[in-house]
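Here the structure comes first, spelled out in structure tokens, and everything after it is commentary.
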Amino acid sequence: SVKPPSATVTATGGGTIGYGTLPSGVTATPGADSVTFTGAASVAAYEQLLQSITLTSGSAGIVTVTLTVFDDQGKSSVPTSTSVTVLGVP
């Protein structure tokens with residue numbers, strides 16, 4: 001069955017995921033330490049949305065941010081991750 005494309009961003013180790021303006025037709029569903037974006041939009045619109053991702057953390061430490069993209073057949077990309085070191089918190 002055909003599903004709308006989606007992308008999931010997860011923060012492991014604490015922190016809150018933020019994002020910019022949602023493209024038309026895309027919704028955001030927050031989860032525990034994650035947010036999933038779902039809906040029909042162009043690749044460029046998803047790229048712009050994913051480039052707007054921010055991470056806010058209330059404590060120092062290392063947070064791993066992982067991104068997984070799913071196509072309209074439900075097949076996932078290879079997840080990509082990056083580690084963010086949160087140094088000082090005002």
Side-chain angles (χ1 to χ4, degrees):
S1 80
V2 175
K3 299 179 180 182
S6 65
T8 300
V9 181
T10 305
T12 305
T16 302
I17 298 168
Y19 50 90
T21 303
L22 292 173
S24 178
V26 175
T27 59
T29 305
D33 300 325
S34 69
V35 63
T36 298
F37 304 101
T38 307
S42 68
V43 170
Y46 265 100
E47 285 176 350
Q48 185 174 16
L49 173 60
L50 296 174
Q51 289 172 356
S52 77
I53 297 294
T54 59
L55 175 71
T56 304
S57 180
S59 61
I62 297 175
V63 179
T64 300
V65 179
T66 303
L67 167 67
T68 307
V69 176
F70 298 86
D71 68 13
D72 60 359
Q73 300 297 310
K75 295 180 183 176
S76 68
S77 66
V78 174
T80 185
S81 298
T82 189
S83 294
V84 178
T85 302
V86 179
L87 298 175
V89 179

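Along the sequence shown, residues are numbered consecutively beginning with 1. Side chains are part of it too, since the values below use all heavy atoms of this structure and drop only hydrogens, waters and symmetry mates.
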Partner of Ser81 under side chain to side chain contact (heavy atoms under 4.5 Å, CB included), picked from Thr68, Thr66, Val65, is Thr66
Between the CG atom in Asp33 and the OG1 atom in Thr64, the distance rounded to the nearest 0.5 Å is 11.5 Å
Heavy atoms of Ala41 and Ala45 approach each other most closely as CB-CB, 4.0 Å
Nearest heavy-atom approach of Ser83 to Ile62 is CB-CG2, 4.1 Å
* Asked: Can you tell me if Thr27 and Thr38 form a side-chain donor-acceptor pair at under 3.5 Å?
  -> no
Heavy atoms of Ser76 and Phe70 approach each other most closely as CB-CE2, 3.3 Å
Closest heavy-atom pair, Ser34 versus Thr10, reported as atoms and distance to 0.1 Å, is CB-OG1, 3.8 Å
The single option from Thr82, Leu55, Thr12 that satisfies side chain to side chain contact (heavy atoms under 4.5 Å, CB included) with Val63 is Leu55
In terms of heavy-atom contacts, Leu50 and Ile53 come closest through O-CG1, 3.1 Å
Ring pair (Phe, Tyr, Trp, His ring centres under 6.0 Å) pairs touching residues 5-45, sequence neighbours excluded, are Tyr19-Phe37
Correct closest heavy-atom pair for Ala28 and Val35 would be CB-CG2, 4.0 Å
